[in-house]
Structure formats: C-alpha cells, structure tokens
Engineer: 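Below you'll find the structure I mean.
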Amino acid sequence: MRSYVIDHYGGIDGLRLRTTDAPNPPAAGQVLVRMRAAALNFRELLILAGHYQPLCKPDLVPCSDGAGEVVAVGEGVQRVVPGDRVALTFHPHWIAGEQPPGLAILGRGGSVDGTLSEYACVSQDELVVVPRHLSFERASTLPCAALTAWSALCAHGTLLPGQRVLVQGSGGVSVFALQLAKLFGAEVIALSSSAEKLACLQQLGADHLIDYRAHPNWHEQVLACTDGQGVDVTVEVGGGDTVERSVQATRVGGRISMVGLLTGSPGLSEGFFYRGLNIHTIRVGHREQFEQMNRAIALHRLQPVIDRVFDFEQAPEAFLHLQQRKHVGKVVIRIG
C-alpha cells in the first residue's frame, strides 16, 4: 500500500511517498475503503509548514478530504456494504448535535491520518454515502470545503430565498458557498481579484461581481448593490484584513460566518456592536449535516468545481499549484 506522509515540517518538500504492507482485514465495526481521490484545502499547506505541528500525529498522512469505494466490512457493520461509494467525515467522532467537548479541531489529516493513501480502514461511523451523480474526484471535495460552506450558510440560521450572501474569493469554500446559496434562491455578491476569476464566478451564478483590488473599500460596493442595507450573511474567509469591511457590508442584525483567518485574527470594531451583528466561528460540521447537504446536492445534481486533477505520483505538484493561489474551486489528486 502506498501512502504519502509528512516526513518533516517546513513546506511541501516534507512530503514523502512510502510503501507499507497491505492493510489488515477490517475488525468489528470497521470498514476498509479503497481511496480513489483526495482533495486539497489551504489548511494542508499550513499543516505542512508546521503551523499546527504540536497538534498533529506523528508520520501524518495528510489531506482531510477524500472519497473511495468500500471493499470490505467487519462484523456488525450496517451503515455500508462492499461496493458503496463513500466519503470520510472530517471530524471522525462528531455525529450530530453541538460540538462535543474536547473535539480535535484539526480533524482528519491533522489529529488523525488523512486521505492521501491507497486504503483507509475506519469506523463505519466515519463514512457517508456520496451522491450517485458525482465522480470520485468531485465527491472527494465535499468533506471539508463543501460542508464548511454549508455550515456557514445554514448551521446558525435559516437562509431564505431572496436573502443576500457575500462570498470572498474563488477558493473551495467560497465557490461552494456561492453554489449552495444559489440552491437556496439567495442573491450572491462575489469578491475576487481578477477579471478571469470573476467571470468564472459569474458563470456559477453570482449576481454581483466586485474586484477587490480595483475597489479596496469593497464594502461600499456591497452597500451599493443592496440599496445601502448590506447582506444578510457574509462568509468571511480573510480574517484580520477583511473582517472590518465585512462588518460594514453586513446588514443590521445580519450574520458573519468566520471560516478562515488567512490574514490573522480579527479585531472587532464598535461598528460590530452598533449593528447588532451575529458572528459564528465555523468548525466544518458533523456527519448529520454532511448527509443533509448530500441530499441537497443530489436533488439539484450540483457539480463541485474542480480547477485541476493531478495523478497520485504528482501530489507535490498539486500542493504547489494550490500554493500559487491561481485556482478557481478545488485541486484534486486522483489516487487510483
């Protein structure tokens, strides 16, 4: 069995391809999955760089997102059968309800081994069946980025048709937030840094487009698009450099879903309190939410956006492509 592991921290050159014995048959309650594809998230670059090294298991197999096929099940397994097409959950032990105490926030590909391996043997509780219309490559994009976007839109309030949503950039979470918001009948305002990326977002259904390089005070453009009111929900991925403009772009009593801290931790101004905003930090989501999202994806036959697919042997190149930040949507590694 071949797997990538993090041999040392400091960057992409810490990735190593290792060959080990074939996996043992699954024990009671376990499922053996032949992994077919893994998808990358920006957090993988942070993990490789060593930002979370004290929280990571030794000889970590990276990548939180992956999909594959069940090849064997242990005694007592009832959730899946051999031949089922499945994805692994981000949080192995968060099934439903409120975030449990002591939750390992790094999840799969951090606290436990990830998906960049030919096989994974996991508990049946860590699997969801993926929508039938999706390829393994597209299904692999769902566990972290898609579910984070779903949680940002739905976990802390109801998103209604006609409400307004602001998404930032063209990375995986932002593109999924755009696609999912359109399923709900929302009006979407999309920010990005280039005409090419904005054109892609428009094709995906964005109703208003703002180039944040041409308009550094982009919250003013958001207000102009919303008759001065602001959006109902902002999916905030930037952090310290963007959160104040997100505050100004969100309507009185609206919601800000804090997904990422790409530019550091935010400081909240008086405007946040004056506008009566609600702010929620997003921890991906639990298995029940994953299954709810999959039903919506299947009903609407939503197709996740893939920027590029790399072969298993090209994994370091895939990480480098992600690092260059020229992609729109997801970067995927085809395992086999």
Side-chain angles (χ1 to χ4, degrees), residues 3-6 9 12 14-15 33 35-53 55-57 59-68 86-95 99 103-123 125-128 130 134 136-152 171-177 237 259-262 281-287 289-291 293-294 304 306-307 309-310 312 315 318-319 321-323 327 329-335:
S3 304
Y4 280 94
V5 298
I6 300 178
Y9 291 91
I12 297 171
L15 276 178
V33 180
M35 301 304 301
R36 298 295 187 182
L40 305 187
N41 296 286
F42 184 76
R43 74 181 214 115
E44 266 81 68
L45 295 176
L46 298 178
I47 288 172
L48 279 166
H51 287 272
Y52 307 117
Q53 183 176 351
L55 301 176
C56 294
K57 70 173 291 293
D59 292 324
L60 175 68
V61 176
C63 295
S64 61
D65 289 10
V86 296
L88 280 61
T89 57
F90 179 88
H91 291 298
H93 308 297
W94 190 8
I95 305 302
Q99 177 178 316
L103 181 73
I105 61 171
L106 285 186
R108 195 173 307 281
S111 306
V112 299
D113 279 333
T115 60
L116 201 53
S117 178
E118 290 181 321
Y119 289 91
C121 191
V122 299
S123 166
D125 294 331
E126 302 174 45
L127 300 174
V128 298
V130 298
L134 296 181
F136 285 119
E137 289 80 10
R138 294 189 191 275
S140 75
T141 68
L142 300 179
C144 182
L147 188 54
T148 296
W150 177 269
S151 299
V173 172
S174 297
V175 170
F176 271 120
V237 301
V259 172
L261 300 173
L262 298 181
T281 54
I282 305 301
R283 289 283 179 265
V284 184
H286 50 67
R287 193 187 76 195
Q289 291 169 326
F290 197 169
E291 292 171 330
M293 178 188 71
N294 280 349
I306 293 179
D307 182 86
V309 178
F310 291 81
F312 190 61
F319 281 89
H321 183 68
L322 180 72
Q323 189 176 60
H327 60 288
K330 299 294 293 180
V331 178
V332 173
I333 297 170
R334 183 184 293 116
I335 299 175

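One-based numbering along the sequence shown.
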Engineer: Do the side chain of His321 and the main chain of Asp307 share a donor and acceptor less than 3.5 angstrom apart?
Structural biologist: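 Side chain of His321 to backbone of Asp307: no pair is present.
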Engineer: Looking only at non-hydrogen atoms, find the nearest pair between Tyr9 and Lys57 and report the distance.
Structural biologist: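 Of all heavy-atom pairs spanning Tyr9 and Lys57, the closest is OH-O, 4.2 Å.
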Engineer: For Val130 versus Asn294, what's the shortest heavy-atom pair and its separation?
Structural biologist: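 Residues Val130 and Asn294, closest heavy atoms: CA-ND2, 4.3 Å.
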Engineer: Looking at side-chain heavy atoms only, is the closest gap between Val122 and Pro92 below 4.5 Å?
Structural biologist: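 No, side chains not in contact.
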Engineer: How long is the straight-line distance from CZ of Phe176 back to OG1 of Thr148, given to the nearest 0.5 Å?
Structural biologist: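 Rounded to the nearest 0.5 Å, the OG1-CZ separation comes to 10.0 Å.
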Engineer: Where is the tightest heavy-atom contact between Ile282 and Ala152, given as atom of each residue plus distance?
Structural biologist: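 So the minimum-distance heavy-atom pair works out to CD1-CA, 3.9 Å.
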Engineer: Just so I know, are the side chains of Leu106 and Arg43 near enough to count as touching, which here means a heavy-atom distance under 4.5 Å?
Structural biologist: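 The answer is yes; the side chains approach within 4.5 Å.
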Engineer: Find the distance between NE2 (His91) and NE2 (His93) and round it off to the nearest 0.5 Å.
Structural biologist: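 Rounded to the nearest 0.5 Å, the NE2-NE2 separation comes out at 11.5 Å.
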Engineer: Before giving the answer on side chain to side chain contact (heavy atoms under 4.5 Å, CB included), spell out for Ile6 and Cys56 the whole-Å C-alpha distance, their side-chain angles and the decisive distance to 0.1 Å.
Structural biologist: CA-CA 10 Å; Ile6 300 178; Cys56 294; over 6 Å; no
Engineer: Could you please spell out the steps behind the side chain to side chain contact (heavy atoms under 4.5 Å, CB included) verdict for Ser111 and Leu55?
Structural biologist: CA-CA 6 Å; Ser111 306; Leu55 301 176; 5.6 Å; no
Engineer: Looking only at non-hydrogen atoms, find the nearest pair between Val61 and Ser3 and report the distance.
Structural biologist: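 Smallest heavy-atom distance, with atoms named: CG2-CB, 4.4 Å.
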Engineer: Looking only at heavy atoms, what is the nearest atom pair of Asn41 and Ala145, with distance?
Structural biologist: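 For Asn41 and Ala145, the tightest heavy-atom pair comes out as OD1-CB, 3.7 Å.
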Engineer: Looking at side-chain heavy atoms only, is the closest gap between Phe42 and Val237 below 4.5 Å?
Structural biologist: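 The answer is no, as the side chains (C-beta and beyond) never meet within the 4.5 Å cut-off.
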Engineer: Got a second to check how far Leu88's CG is from Ser140's OG, nearest 0.5 Å?
Structural biologist: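 If we round to the nearest 0.5 Å, Leu88:CG and Ser140:OG are 11.5 Å apart.
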Engineer: Assess whether side chain to side chain contact (heavy atoms under 4.5 Å, CB included) is satisfied between Leu127 and Arg287, documenting all intermediate values.
Structural biologist: CA-CA 8 Å; Leu127 300 174; Arg287 193 187 76 195; over 6 Å; no
Engineer: State, with a plain yes or no, whether a side-chain heavy atom of Ser64 is found less than 4.5 Å away from one of Glu44.
Structural biologist: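 Of all side-chain heavy-atom pairs linking Glu44 with Ser64, at least one is under 4.5 Å.
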Engineer: Give, for atom CD1 of Ile105 and atom CZ of Arg283, the distance between the pair rounded to the nearest 0.5 Å.
Structural biologist: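 Separation between the atoms: 5.0 Å.
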Engineer: Around atom OH of Tyr52, are there more than 12 heavy atoms of other residues, nucleotides or ligands at under 6.0 Å?
Structural biologist: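 Not more than 12 within 6.0 Å, no.
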Engineer: Determine whether Leu134 and Leu142 make a side-chain contact, defined as any pair of heavy atoms from C-beta on separated by less than 4.5 Å.
Structural biologist: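 With C-beta onward as the side chain, the pair touches.
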Engineer: For Gly68 and Phe136, which heavy atoms make the closest approach, and how far apart are they?
Structural biologist: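 Closest pair (atom of Gly68, atom of Phe136, distance): O-CE2, 3.3 Å.
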Engineer: Which label fits Tyr4 and Phe312: parallel for a plane angle under 30°, tilted from 30 to 60°, or perpendicular past 60°?
Structural biologist: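 Plane angle over 60°, so perpendicular.
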Engineer: I'd like to check Ser151 versus Gln289 (side-chain heavy atoms, cut-off strictly below 4.5 Å). Are they in contact?
Structural biologist: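 Side-chain contact under 4.5 Å: yes.
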Engineer: CD1/Ile306 to OG1/Thr141 distance, rounded to the nearest 0.5 angstrom?
Structural biologist: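 Between atom CD1 of Ile306 and atom OG1 of Thr141 there are 6.0 Å.
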Engineer: Report the distance from atom CG of Leu116 to atom CD1 of Ile335, rounding to the nearest 0.5 Å.
Structural biologist: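 The distance works out to 5.5 Å.
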Engineer: Is there a side-chain contact between Leu48 and Gln323 (heavy atoms, below 4.5 Å)?
Structural biologist: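 In short, these two side chains do not touch, never coming nearer than 4.5 Å.
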Engineer: Angle class for the Trp94/His286 ring planes (parallel below 30°, perpendicular above 60°, tilted otherwise)?
Structural biologist: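 Trp94 vs His286 ring planes: perpendicular.
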Engineer: With side chain to side chain contact (heavy atoms under 4.5 Å, CB included) as the criterion, how do Asp113 and Leu60 come out once you've worked through the C-alpha distance, each side chain's angles and the decisive distance to 0.1 Å?
Structural biologist: CA-CA 6 Å; Asp113 279 333; Leu60 175 68; 4.0 Å; yes
Engineer: Could you check whether any side-chain heavy atom of Thr89 comes within less than 4.5 Å of a side-chain heavy atom of Pro143, counting everything from C-beta outward?
Structural biologist: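 No, their side chains stay 4.5 Å or more apart.
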